[in-house]
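Along the sequence shown, residues are numbered consecutively beginning with 1.
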Amino acid sequence: MDELRATAVQERIPLLDVLRGFALIGIFLANLVSFFGYYYLDFGQVKSLPLIERVVLFAVDWLVEGKFYALFSFLLGAGFALQLERARLKGVPFLPFWYRRMGVLLLIGLIHMYFIWYGDILTLYALLGFLLPLFLSWSSRQLFIAIAILLALPMAIHAVTVATADAAFWSSSARFAAELRNAWGLEGQSTMGLLLSDQARDVWLANILGALQRPMSYLLSGRYVQVLGFFLLGALFTRLVLPLWRNGQNVPTRWWVASMLAGLLSSAAYAWTKALTTTPYSADVLGLFQGLVYHIGCVTLMLGYVGAAAWLWQHGTFKSLLSQLAVLGRMPLTSYVTQTVLGVLLFYGYGAGLLGKLPYTLLPPLAAIVIFLQWAFATFWLQRYDQGPLEAFWRNLSYGPPRERLS
């Protein structure tokens, strides 16, 4: 019986690598807002920022916030479906491989979350990835219904939190973190102060406190069901749309343009409400509207981005530029983790301690510099190896060591 092995370089789908590279840029831009210190500012401090800085933040909220973790989730679901198809064609067991793959990703995610940066997304992807095999036998119609329900559920959860805003449950993780903070002798110290401390212990403990509150923030925002919905959307895309694209059928312009326009309008409404509230989430009526346009924008603008990239790729427009994104997209795990390592070293007390000290006008150029350096490293590395270092580690523990080079 044949074996399930890692995808050879020549068998990769370039467009998916382009989308992964694009997603990495957006994710880094969104994460830099946190590293710059926005979420440690109060209402008055945000309102007192210079107009040009608020314009930059508005642009990130409008075009970036939420759309790129959605795209990354979409691509993980697509990868799941492609790997399942390969296993079926080879006639080899798929589930043992998939569970090993998600187990290794969970290990990487937990290390990343608790020892590097509490804003990790890998842990959530791994935990929800364990659920994907439950949908293996579902028809396309059943998947579509499940996707619609999962992507609508965050609004139902938000409505419940608005109706029960005073319930002690919603603040339970914050209270637990506060108790730990006191037990560790950190009472009276702000999170920003701890992250800027010259004591590595203080920085690490502040990160732990943030990580412990992450599950509740995911519940409040409906992130669990939303990411699972994007997984299934990617799997359905691989089943219904990707075969047509691979056979040379053009991407219909009208659907991705309509999706792009809907996403731009709803995301502009989200950015506007966030500019008013200065927070991405609030348990009130305005927050409910903000959540609605946010979730609509995440779905529609993400799909618009996918359609636009595919259209440009198929028509040869900017294809050479898009191919450079594919270089970055072949090393998504390595690139994502190194982005946060660089962020921690630049902004926290471990390194340069720039948290809260840079104007937000520097956010786009700093992102461009880091992305260029990552692209240069990926280009150098992939000329010598088939995968990035973390991808090779993940592959070897999921498939087993390769017997020979794949290229």
(request) Answer yes or no: is there a donor N or O on one side and an acceptor on the other, between the side chain of Gln213 and the main chain of Ser173, under 3.5 Å? (result) no
(message) Can you tell me if Trp272 has over 12 outside heavy atoms packed within less than 6.0 Å of its CH2?
(response) no
(request) Carefully, step by step, assess Leu136 and Leu84 under the rule side-chain contact (heavy atoms from CB on, under 4.5 Å). (result) CA-CA 9 Å; Leu136 285 176; Leu84 173 62; 3.1 Å; yes
(request) With side-chain contact (heavy atoms from CB on, under 4.5 Å) as the test, would you mind laying out the steps for Trp138 and Leu232 before giving the verdict? (result) CA-CA 11 Å; Trp138 286 33; Leu232 297 183; 5.8 Å; no
(request) Look only at the side chain of Ser34 and the backbone of Ala30, and say whether a donor-acceptor pair between them is shorter than 3.5 Å. (result) no
(request) Measure the acute angle between the ring planes of Phe115 and Trp204, then classify it against the limits of 30° and 60° as parallel, tilted or perpendicular. (result) parallel
(request) Mark yes when over 12 heavy atoms from residues, nucleotides or ligands other than Phe176 sit less than 6.0 Å from its CZ; otherwise mark no. (result) no
(request) State, yes or no, whether a side-chain contact exists between Leu301 and Leu264 at a heavy-atom distance under 4.5 Å. (result) yes
(message) Taking Leu49's backbone N and O only, do any of them form a donor-acceptor pair with Arg54's side chain (distance below 3.5 Å, no angle check)?
(response) yes
(message) If I compare all heavy atoms of Leu186 with all of Arg201, which pair ends up nearest, and what's the gap?
(response) CD2-NH1, 4.2 Å
(message) So which atom in Pro154 and which in Gln226 form the shortest heavy-atom distance, rounded to 0.1 Å?
(response) CG-CB, 4.0 Å
(request) Identify the heavy atoms of Tyr281 and Ala283 that sit nearest to each other, and give their distance. (result) CE2-N, 4.3 Å
(request) Please check if the side chain of Ser197 supplies one atom and the backbone of Val203 the other of a donor-acceptor pair under 3.5 Å. (result) no
(request) Find out whether Asp120 and Tyr114 are in side-chain contact, i.e. whether some heavy atom of one side chain is under 4.5 Å from a heavy atom of the other. (result) no
(request) Could you tell me which non-hydrogen atom of Leu382 sits nearest to which non-hydrogen atom of Asp386, and how far apart they are? (result) CD2-O, 3.8 Å
(message) Treating Tyr224 as the side-chain partner and Pro215 as the backbone partner, does any N or O pair qualify as donor plus acceptor under 3.5 Å?
(response) yes
(request) State the CZ-CG distance between Arg20 and Leu325, to the nearest 0.5 angstrom. (result) 13.0 Å
(request) Give the C-alpha distance, both sets of side-chain angles, the deciding distance and a yes or no for side-chain hydrogen bond (donor to acceptor under 3.5 Å, both in side chains) between Trp98 and Gln83. (result) CA-CA 9 Å; Trp98 182 254; Gln83 289 164 332; over 6 Å; no
(request) Can you label the angle between the Trp117 ring and the His112 ring as parallel, tilted or perpendicular, going by 30° and 60°? (result) perpendicular
(request) First locate atom CD of Glu53, then atom CG of Leu362, and finally report the distance between them rounded to the nearest 0.5 Å. (result) 8.5 Å
(request) Supply the atom-to-atom distance Phe318 CZ to Ser323 OG, rounded to the nearest 0.5 angstrom. (result) 13.0 Å
(request) Check step by step if side-chain hydrogen bond (donor to acceptor under 3.5 Å, both in side chains) holds for Arg223 and Ser73. (result) CA-CA 11 Å; Arg223 186 71 61 90; Ser73 306; over 6 Å; no
(request) For the residue pair Phe35 and Phe347, categorise the inter-ring angle as parallel (less than 30°), tilted (30 to 60°) or perpendicular (more than 60°). (result) parallel
(request) Only one of Trp311, Phe72, Phe68 passes ring pair (Phe, Tyr, Trp, His ring centres under 6.0 Å) with Tyr305; say which it is. (result) Phe68
(request) Under the side-chain contact (heavy atoms from CB on, under 4.5 Å) rule, what do Leu242 and Ile13 come out as? Steps first, then yes or no, please. (result) CA-CA 10 Å; Leu242 191 59; Ile13 301 173; 3.8 Å; yes
(message) Tell me if a side-chain donor or acceptor on Asn207 pairs with a main-chain N or O of Met113 at a distance below 3.5 Å.
(response) yes
(message) Looking at Ser172 and Phe169, would you say the former's side chain and the latter's main chain have a donor-acceptor pair under 3.5 Å?
(response) yes
(message) Check this for me: Asp166, atom CG, are more than 12 non-hydrogen atoms of other residues, nucleotides or ligands nearer than 6.0 Å?
(response) no
(message) Please determine whether side-chain contact (heavy atoms from CB on, under 4.5 Å) holds for the pair Gln374 and Phe28, giving the CA-CA distance in whole Å, both sets of side-chain angles, and the decisive distance to 0.1 Å.
(response) CA-CA 12 Å; Gln374 289 198 305; Phe28 187 51; 5.8 Å; no
(message) Looking at Phe135, I want to see if its CZ is surrounded by more than 12 non-hydrogen atoms of other residues, nucleotides or ligands under 6.0 Å.
(response) yes
(message) If we ignore hydrogens and angles and just use 3.5 Å, is the side chain of Lys67 paired with the main-chain N or O of Glu65 as donor and acceptor?
(response) yes
(request) Would you mind reporting whether Val56 and Phe36 have side-chain heavy atoms less than 4.5 Å apart? (result) no
(request) Please round to the nearest 0.5 Å and tell me the distance separating atom CG of Leu390 and atom OG1 of Thr338. (result) 8.0 Å
(request) Return the orientation label for the Phe74 and Phe237 ring planes: parallel under 30°, perpendicular over 60°, tilted otherwise. (result) tilted
(message) For a 4.5 angstrom cut-off between non-hydrogen side-chain atoms, does Ile52 reach Tyr360?
(response) no
(request) Measure the CD-NE2 distance between Gln290 and His295 for me, rounded to the nearest 0.5 Å. (result) 10.0 Å
(request) Please check if the distance between the ring centroids of Phe80 and Phe94 is under 6.0 Å. (result) yes
(request) Give a yes or no on whether Phe372 atom CZ has more than 12 heavy-atom contacts from other residues, nucleotides or ligands under 6.0 Å away. (result) no
(message) Looking at Arg141, I'd like to know if its CZ atom is crowded, meaning that more than 12 non-hydrogen atoms belonging to other residues, nucleotides or ligands lie closer than 6.0 Å.
(response) no
(message) Testing the basics here: between Lys274 and Thr279, what is the closest heavy-atom pair and its distance to 0.1 Å?
(response) CG-O, 3.7 Å
(request) Identify the heavy atoms of Met192 and Leu355 that sit nearest to each other, and give their distance. (result) CG-CD2, 3.8 Å
(message) Looking at Val337, is its backbone amide N or carbonyl O close enough to the side chain of Thr340 to form a donor-acceptor pair, meaning the two atoms are under 3.5 Å apart?
(response) yes
(message) Can you confirm whether Asp61 sits close enough to Tyr294 that some side-chain heavy atom of one is under 4.5 Å from a side-chain heavy atom of the other?
(response) no
(message) Would you say that Leu212 contacts Tyr118 through its side chain, given a criterion of any heavy-atom pair below 4.5 Å between the two side chains?
(response) no
(request) State whether the side chain of Thr123 and the backbone N or O of Gly109 hold a donor-acceptor pair below 3.5 Å, judged by distance alone. (result) yes
(request) Report yes if some heavy atom in the side chain of Thr334 is under 4.5 Å from a heavy atom in the side chain of Glu391; otherwise report no. (result) yes
(request) Could you tell me whether the side chain of Val299 reaches within less than 4.5 Å of the side chain of Phe230, counting heavy atoms only? (result) yes
